[in-house]
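Since the structure comes first, as structure tokens, the remarks are kept for the end.
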Amino acid sequence: MPERRGFVASWQFASQGVSGLLGAGFGALLTSLMSPEDLQSWGWRLPFLFGVLIGPVGIYIRNHVDDATPPPAAKQESPVREVFARQKFATTLAIGALAVSTAVNYLIVYMPTYVVKTLNLAPSVGFIASFAAQTAVALLAPIAGMVSDRIGRTTHMIVFALLLLVSIFPAFLLLTGKPTPAIILIGVLWLGVLKSLYYGPLAALMSELFPAATRATGLGLSYNIGVTLFGGMGPAIMTWLGGFAAIGELAPGYYLTAVCILSLCALFTIRRLRLA
């Protein structure tokens, strides 16, 4: 369904929202109902026991879902070599487009730590805010993908990247200036909504940067490199930035603003060159 590629591909990211809200929901529930001593002693094991339930689902998918990818007609050059040799520019643009989305996602995951260590509030506050933001991802990503099928990927994503850019610093000024549970919930939810609406068309945009022969490899490499650099390293970078007196509590705001500008540059380049 090429005409509905944005909508169909958005469900991959919507499913990430479901997993995120389940994780944050467990965190909020356990930190609210259990004492810190019980949580550290044995309560932390409960989410891992729940996670075992995904095993039968994986076995079912492995045994009952056919691979729709046709085998290659003839022996081809390694797609990894092809991507690194001839599609470095497309890979770089895909990583750039992904950067702000994965950075905001890891901020949402980092929020319980930020709330406790920086804002000196209960961990349940951060978990509840993360739960709300991840719920927005699960619900809004498919809608964003559907809209992008109508108006175009870059048009849609540039609008919400710009909204993120002008929202990040005011949100963190509000969080650090008035760190109440309600303010934290509203600020994180707003960033989660904008991230969701940016996130929805992203999988389709990234896939359209690569030809069919290397699409899976190009998408996989750019996604994993981008998540590692701007997502997985995000909390460490924000903690490091927070050590500077001039930055302090606003470290996430500075980091996300810089990454958002990077993503906007990638999107405007994709749009100008009509690559997707």
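Each side-chain hydrogen bond (donor to acceptor under 3.5 Å, both in side chains) pair with one or both residues in residues 218-232, not counting sequence neighbours, appears once here: Gln16-Tyr223. Listed by first and then second residue, the side-chain hydrogen bond (donor to acceptor under 3.5 Å, both in side chains) pairs that reach into residues 125-147 come to none, sequence neighbours excluded. Listed by first then second residue, pairs satisfying salt bridge (charged side-chain N to carboxylate O under 4.0 Å, His left out) with a partner in residues 12-25 number zero, not counting sequence neighbours. The ring pair (Phe, Tyr, Trp, His ring centres under 6.0 Å) contacts involving residues 183-221 comprise Phe13-Tyr199, where partners must be two or more places apart or lie in separate chains. A ring pair (Phe, Tyr, Trp, His ring centres under 6.0 Å) check over residues 228-249, counting only residues at least two apart or in different chains, returns the pairs Trp240-Phe244. Residue pairs satisfying the side-chain hydrogen bond (donor to acceptor under 3.5 Å, both in side chains) criterion with at least one member in residues 88-97, sequence neighbours excluded, are absent. Residue pairs meeting the ring pair (Phe, Tyr, Trp, His ring centres under 6.0 Å) criterion with at least one member in residues 131-170, sequence neighbours excluded: His156-Phe160, Phe169-Tyr254.
With rounding to the nearest 0.5 Å, the separation of CD1 in Ile95 from OG1 in Thr102 is 11.5 Å. Between Ile186 atom CD1 and Lys178 atom NZ the span is 11.0 Å, to the nearest 0.5 Å. Remark: Ile128 CD1 to Leu189 CG distance equals 13.0 Å, nearest 0.5 Å. Separating the CG atom in Leu194 from the OG atom in Ser101 is a distance of 11.5 Å, to the nearest 0.5 Å. Here Met157 contributes atom CE and Leu264 contributes atom CG; the two are 10.0 Å apart, rounded to the nearest 0.5 Å. Distance check, rounded to the nearest 0.5 Å: CG of Leu98 to CG of Leu93 gives 12.5 Å.
The closest donor-acceptor contact from the side chain of Ser196 to the backbone of Val137 lies under 3.5 Å. At least one donor-acceptor pair under 3.5 Å links the side chain of Ser15 to the backbone N or O of Gln12.
A continuous path of Ile, Leu, Val, Met, Phe, Trp and Tyr side chains, each step under 4.5 Å between heavy atoms, connects Leu173 with Leu191, placing both in one hydrophobic cluster. Under a hydrophobic-cluster definition in which Ile, Leu, Val, Met, Phe, Trp and Tyr are linked whenever side-chain heavy atoms come within less than 4.5 Å, directly or via other members, Tyr114 and Ile247 are assigned to the same cluster. Following chains of ILVMFWY side-chain contacts shorter than 4.5 Å, one can reach Ile108 starting from Leu250, so the two form part of one hydrophobic cluster. Note: the hydrophobic cluster containing Leu185 does not contain Leu119 (ILVMFWY, side chain heavy atoms under 4.5 Å, direct or indirect links). Phe48 and Leu22 are assigned to two separate hydrophobic clusters, defined by single-linkage of ILVMFWY side chains at heavy-atom distances under 4.5 Å.
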Practice problem: Test Val115 against Phe127 for side-chain contact (heavy atoms from CB on, under 4.5 Å), laying out the working first. | Solution: CA-CA 9 Å; Val115 162; Phe127 281 119; over 6 Å; no
Exercise. Could you give me the CA-CA distance, side-chain angles and deciding distance for Val193 and Leu197, then say whether side-chain contact (heavy atoms from CB on, under 4.5 Å) is met?
Key: CA-CA 6 Å; Val193 167; Leu197 296 171; 4.1 Å; yes
Quiz item: Checking side-chain contact (heavy atoms from CB on, under 4.5 Å) for the pair Val100/Leu256: CA distance, chi angles, key distance, verdict?
Solution: CA-CA 7 Å; Val100 69; Leu256 291 179; 5.6 Å; no
Quiz prompt | Evaluation steps, side-chain contact (heavy atoms from CB on, under 4.5 Å), between Val116 and Asn120 | solution = CA-CA 5 Å; Val116 172; Asn120 299 312; over 6 Å; no
Practice problem: Begin with the C-alpha distance, continue with both residues' side-chain angles, and end with the deciding distance and a verdict on side-chain hydrogen bond (donor to acceptor under 3.5 Å, both in side chains) for Ser207 and Arg5. | Solution: CA-CA 10 Å; Ser207 69; Arg5 185 177 291 157; 4.9 Å; no
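In terms of the side-chain contact (heavy atoms from CB on, under 4.5 Å) criterion, residue partners of Leu175 (sequence neighbours excluded) are, by chain and number, Phe172, Ile183, Ile184. With sequence neighbours left out, Thr214 forms a side chain to side chain donor-acceptor pair (under 3.5 Å) with Gln87. Evaluation of the ring pair (Phe, Tyr, Trp, His ring centres under 6.0 Å) rule for Phe50 yields Phe26 as partners, not counting sequence neighbours. Arg86 pairs by the salt bridge (charged side-chain N to carboxylate O under 4.0 Å, His left out) definition with Glu77, Glu82, not counting sequence neighbours. Taking Asp38 as the reference, Met34, Ser35, Trp42 meet the side-chain contact (heavy atoms from CB on, under 4.5 Å) condition, with sequence neighbours excluded.
The nearest pair of heavy atoms linking Pro112 to Pro123 is CB-O, 4.4 Å. The minimum heavy-atom distance linking Gly6 with Ala204 is given by the pair CA-CB, 3.7 Å. When every heavy atom of Pro47 is checked against every heavy atom of Trp44, the shortest pair comes out as CD-O, 3.3 Å. Here the closest heavy-atom approach between residue Gly96 and residue Ala266 is recorded as C-CB, 3.7 Å. Contact detail for Val259 and Ala103: the closest heavy-atom pair is CG1-CB, 4.0 Å. In terms of heavy atoms, Ile143 sits closest to Leu139 at CD1-O, 3.8 Å.
Side-chain contact check for Arg153 versus Ile270: every heavy-atom pair is 4.5 Å or farther apart. Within the 4.5 Å cutoff, side-chain heavy atoms of Ile237 are placed close to those of Leu241.
Looking at Leu29, Leu30, Thr31 one by one, the single match for side chain to side chain contact (heavy atoms under 4.5 Å, CB included) with Ser124 turns out to be Thr31.
A salt bridge does not link Glu208 to Arg215: none of the charged nitrogens lies less than 4.0 Å from a carboxylate oxygen.
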